[in-house]
Amino acid sequence: MQRGARAGIASRNNKLDFGEFGLQVLERGWLNANQIEAARVAVTRHMQRRGKIWLRVFPQKPYTSKPLETRMGKGKGAVEGWVAVLRPGNMILEISGCPEVLAREALSRASSKIPFRCRMLSRH
């Protein structure tokens, strides 16, 4: 798969659809599968099986890299990992069924695992 354009702002997946609180990204870039998993683990550990969590991004784009100290040419490199393409306004995850204090702390822990500026949204 080619790298593609990352221009523009999110036209879908840009508002709260499932939960009461959400984490919205304010920058553009690629979110690694490991970073998504780290954010998910941070939220679930803090919430301790209270409430419900929705992950709104999925790493569906493969990225490749050639081995180190390899000469130019000889085709494209092997798949190195998977990324989710983020544009400003994309929702990363949503939470519901817990108090606001707990949700805000969980989302702040998740945002520390994500290498982009984020903001927390709520329906209230």
Side-chain angles (χ1 to χ4, degrees):
M1 186 179 285
Q2 294 184 343
R3 291 180 182 268
R6 294 181 239 182
I9 58 173
S11 59
R12 53 180 79 99
N13 186 19
N14 57 1
K15 56 184 182 291
L16 288 169
D17 289 331
F18 302 104
E20 299 169 18
F21 309 100
L23 192 63
Q24 187 178 43
V25 71
L26 300 174
E27 298 175 6
R28 72 184 73 250
W30 284 352
L31 193 62
N32 204 332
N34 297 337
Q35 294 163 345
I36 297 171
E37 178 65 9
R40 184 195 68 79
V41 167
V43 170
T44 52
R45 288 237 172 100
H46 183 70
M47 292 184 52
Q48 297 174 342
R49 289 185 289 170
R50 289 176 291 201
K52 183 157 173 53
I53 301 165
W54 289 270
L55 280 173
R56 298 289 307 274
V57 292
F58 186 79
Q60 59 191 9
K61 183 184 196 69
Y63 71 92
T64 63
S65 70
K66 295 178 74 92
L68 290 175
E69 300 179 1
T70 306
R71 293 183 177 186
M72 291 284 108
K74 303 241 188 301
K76 197 174 170 88
V79 172
E80 188 74 18
W82 296 82
V83 294
V85 179
L86 294 183
R87 292 181 173 86
N90 275 133
M91 297 298 294
I92 296 174
L93 54 89
E94 296 183 23
I95 296 175
S96 73
C98 63
E100 184 172 0
V101 177
L102 182 71
R104 290 214 176 264
E105 178 61 28
L107 290 176
S108 72
R109 289 182 186 215
S111 68
S112 69
K113 307 291 183 193
I114 295 170
F116 306 113
R117 287 187 304 121
C118 299
R119 71 175 173 190
M120 292 163 221
L121 299 178
S122 66
R123 286 192 193 273
H124 309 298

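Hydrogens, waters and symmetry mates play no part in the numbers below; they use all other heavy atoms, side chains included.
- Of the inter-residue distances, the one linking L93 atom CG with L55 atom CG reads 6.0 Å to the nearest 0.5 angstrom.
- In this structure a side-chain-to-backbone donor-acceptor pair under 3.5 Å is missing from R104 to V101.
- Taking each heavy atom of W82 and N32 in turn, the nearest pair found is O-OD1, 3.5 Å.
- With a 4.5 Å cut-off on side-chain heavy atoms, V25 and L31 do not count as touching.
- For the atom pair C98 SG and H46 NE2, the distance stands at 8.5 Å (nearest 0.5 Å).
- When all heavy atoms of K61 and M1 are compared, the closest pair comes out as CG-SD, 3.5 Å.
- Here the closest heavy-atom approach between residue L23 and residue C118 is recorded as CD1-CB, 3.8 Å.
- Contact of the F21 side chain with the M120 side chain is not registered, since no non-hydrogen atoms from C-beta on lie closer than 4.5 Å.
- Placement of V83 and I36 in two distinct hydrophobic clusters is found when ILVMFWY residues are connected by side-chain heavy-atom separations under 4.5 Å, directly or transitively.
- Within 6.0 Å of CD on E27 lie more than 12 heavy atoms contributed by other residues, nucleotides or ligands.
- Taken to the nearest 0.5 Å, the NZ atom of K76 stands 10.5 Å off from the OG atom of S65.
- The nearest pair of heavy atoms linking K15 to R56 is O-NH1, 3.5 Å.
- Atom CZ of R12 has 12 or fewer heavy atoms from other residues, nucleotides or ligands within 6.0 Å.
- The hydrophobic clustering, which links ILVMFWY residues whose side-chain heavy atoms are closer than 4.5 Å, places F116 and M91 apart.
- The main-chain N or O of G75 is found under 3.5 Å from a side-chain atom of K66 such that the two form a donor-acceptor pair.
- A side-chain donor-acceptor contact under 3.5 Å links R87 to the backbone of A7.
- With a 4.5 Å cut-off on side-chain heavy atoms, P115 and Q35 count as touching.
- Summarising the geometry, atom CD1 belonging to I9 is positioned 11.5 Å from atom CG belonging to L26; distances are rounded to the nearest 0.5 Å.
- G51 approaches M47 most closely through the heavy-atom pair CA-CE, 4.0 Å.
- Atom CH2 of residue W54 and atom OG of residue S96 lie 3.5 Å apart, to the nearest 0.5 angstrom.
- In this structure, E94 contributes its side chain and F18 its backbone to a donor-acceptor pair below 3.5 Å.
- Side-chain contact between I92 and Q24: absent, with no pair of heavy atoms (C-beta onward) separated by less than 4.5 Å.
- For the pair V85 and W30, the minimum side-chain heavy-atom distance is below 4.5 Å.
- Atom CD of E100 sits about 13.0 Å away from atom CD of E105, to the nearest 0.5 Å.
- In this structure, V79 and P62 approach most closely via the heavy-atom pair CG1-CB, 4.1 Å.
- Looking only at distances, a side-chain donor or acceptor of N14 sits under 3.5 Å from a matching main-chain atom of A10.
- For the pair I95 and K52, the minimum side-chain heavy-atom distance is 4.5 Å or more.
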